[in-house]
Number of protein chains: 2
Amino acid sequence: MSRVGGQGGQGGTPVAPRAVDVARLAGVSQKTVSRVFNGERYVSEDVRRRVLEAAEELGYRMNSAARALASGRTRTIGVVALGTALYGPASLLIGIERAARDAGYALRVVNTLEGDPGGVAGAVESLLEQGVDGVVVSEPIDEGAVSLDVEVPVLVLGAPAVFAGPRAVVAGVGAESLARAATEHLLELGHMTVHHIAGPQRWFAARDRLAGWRAALSAHGREQPPVVEGDWSAASGHAAGRALAAAADDVTAVFAANDDMAIGLIRALTEAGLRVPDDVSVVGFDDIPVSAYVTPPLTTVRQPFDAVARDGLRLLVRAIEKPDAEPEPATDPPVELVVRASTAPPAGSRPHAGD
Amino acid sequence: MSRVGGQGGQGGTPVAPRAVDVARLAGVSQKTVSRVFNGERYVSEDVRRRVLEAAEELGYRMNSAARALASGRTRTIGVVALGTALYGPASLLIGIERAARDAGYALRVVNTLEGDPGGVAGAVESLLEQGVDGVVVSEPIDEGAVSLDVEVPVLVLGAPAVFAGPRAVVAGVGAESLARAATEHLLELGHMTVHHIAGPQRWFAARDRLAGWRAALSAHGREQPPVVEGDWSAASGHAAGRALAAAADDVTAVFAANDDMAIGLIRALTEAGLRVPDDVSVVGFDDIPVSAYVTPPLTTVRQPFDAVARDGLRLLVRAIEKPDAEPEPATDPPVELVVRASTAPPAGSRPHAGD
DNA sequence: CGCAGTCATGACAGCGCAGTCATACAGGCG
DNA sequence: CGCCTGTATGACTGCGCTGTCATGACTGCG
């Protein structure tokens, strides 16, 4: 008794049609069906059409498990993401999905729970078990040196060589130059120095921004005020702002490592009776959607998530499909500073409270 | 010549060890290795230990493609998401991932590009092709009646029965009751009526919120002012706020369908010389992270994304693993109104500008 | 006309697992 | 003691594809 194909039978559970069923209907061999569906050469137009028609009629869908087993390739890319709804990581994930799909790859996603030790390594391991041709580690947190000594290419977005591996490709989110641009914007407005509310230093992204800030100040020979560290949340920015307003009376410019903290900071400053930007200028980072509409509209730095994801994935796909090709370096994404109303020149004649 | 296992050989490409390799090393049959890795009954403690040790030594990882082919199950759930970094959808996706992993399922993600016709159906199709045991359609946009007539269970989060299918499970994000609570909060403060800035009506979530607003006003016998429709963005909230401030001088309370629009709205009101909450009270929806730190801190409604995701996935997994069980209804998630400083009783004696 | 080269197709094996069935032995019971 | 039930294991097969090789048919050219 042979199997009864999909839509044909009246009763019983319908059985998904296989390539042989299509082949039979089209009057060709199963292998030819495979050829058509893989877009291989050497299939006559006539046969191709017949196969596609037969497939359509039966509602045929290729079984990707069988394909993966036979070919050794899954056409799937695994992503290790952070499991946070923060605008940056979420946007990057979306960009990765789009780029992967455009490249003909499906996506598997595993989130690392923050604070989970060995999270990245474990996540990569589980992806390999699920079967992926390549892995993207998106904006990870520093967990000490992680060895990504795995057999597939790995793209690390937004983290340096801490992630070592034989087939690692690192593409930058390039936050350092962006942070530098933000800081320089404030210096160019005439501020003597710029304070910094940093992100949590376990995040590479936070360190990059800190480094960019330092670099800008160094380059201009300015002193580096003590850094306050937040946790990306508006709440932490608020707390940092309170501390800043209380401790130092000479703060005229602050660069916050993300927009949420900048917004919290502005609120704290406002509560302390300081006006933004009249008394204190504030720059954020990310250009989250609300930034243009908070009070005052926030000057911030826009990250080209889409370009980063696309560029990184291009490299990854190349590494997957042409393992022997040179590991071409990533192109640096463009810097974009969005100047709004939260920054202004310092009030030169403003009397110092403490003098 | 037989294959040389993984870490053993010095030269050449290492070949991933298979179950037979583990079996050989442990002195058992391949089938027994399979039993151990699937946690089946009837394996002696001694054998189990030996197999695990052998697997460890070889660095064995099961091949999930082979497993899927042989068993017909992929242990993977596919998610159709919207491809937006909006807080709601992103949070829901994270909740889904966690819940799926806890249930022992991996995740495949496909984003629908907004405005892509037939996006959901196409996305589901591509997931089926990739091989999934179940599908989650997360907060979709109305594309007309979509028939999810597929062979696997489908969980639709946050959309009504427009998505029909033989094995569909619908779990609510229950935005209607939340929207109703938000509106009633304003009425209880003493406002005569409440204006509404709606989300794009192609979104079910936006319609639910609109319906909740209407229900609250009807229940209290209040008139329903005309609705302004935004697109979730702060920019659209800003535009709506401008229109509102210009057109009507009797606006004392506004319920915005999400926090971003509420923030844009507040900015527009501020620019028009109206104070929040003194002149106008504003309620948002979502409780995005910055909401507590904008000026003024936003009264809003928190959605229990995690609970919704977890509950929905429980139903989906049940439908996958026990196809014959009753399709238990979803439990309604709890309502949580977060009252901050953007709402207050109306200024009773405030002189009307136009009188 | 005969032979090489290209194009088009099919036969067959095997990817690495899980399902099915057979087998073997232990203990309980009438 | 034979029989049955429960436990523990292995042999064999097949899931639905792709890779490899074989086989024709057709083309161009000396």
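Lettering follows sequence order; numbering is per chain, from 1.
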Donor-acceptor pair, side chain of [X] and main chain of [Y], under 3.5 angstrom:
X	Y	answer
B/T112	B/A81	yes
B/D311	B/V308	no
B/S29	B/T32	yes

Please step through salt bridge (Lys or Arg N to Asp or Glu O under 4.0 Å) for the pair A/D46 and A/R50, ending with a clear verdict. CA-CA 6 Å; A/D46 175 54; A/R50 262 164 42 219; 2.9 Å; yes
Salt bridge or not for B/E45 and B/R49, using N-O below 4.0 Å? no
For DNA chain D, what string of dots and brackets results from 5' to 3' when Watson-Crick and G-U pairs need both distances under 3.5 Å, crossing pairs get [ ], and pairs with another strand get |? ||||||||||||||||||||||||||||||
Per side-chain contact (heavy atoms from CB on, under 4.5 Å), A/V135 is matched among A/V124, A/V150, A/V79, A/L155 by A/V124
For B/T76, which residues count as a side-chain contact (heavy atoms from CB on, under 4.5 Å) partner, sequence neighbours excluded? A/R108, B/T74, B/A106, B/R108, B/V132
List the residues meeting side-chain contact (heavy atoms from CB on, under 4.5 Å) with A/A319, not counting sequence neighbours, and say none if there are none. A/P153, A/V169
Nucleotide-resolved protein contact map, nucleotides 5-11 of chain D, B/S/- at heavy-atom distance under 4.0 Å: --SBBBB
Can a side chain N or O of A/N38 be found less than 4.0 Å away from OP1 or OP2 on D/dT18? yes
OP1 or OP2 of C/dC17 sitting under 4.0 Å from any side-chain N/O of B/R67? no
Using a distance-only test with no angle check, is there a side-chain donor-acceptor pair under 3.5 angstrom linking A/N38 and A/R67? yes
Here the distance between atom P of C/dG16 and atom CZ of B/R24, to the nearest Å, is 12 Å
Set of salt bridge (Lys or Arg N to Asp or Glu O under 4.0 Å) partners for A/R61, sequence neighbours left out: B/E125, B/E151
Produce the list of close N/O pairs, under 3.5 Å, pairing protein atoms with atoms of nucleotides 3-5 of chain C; give distances to one decimal.
none

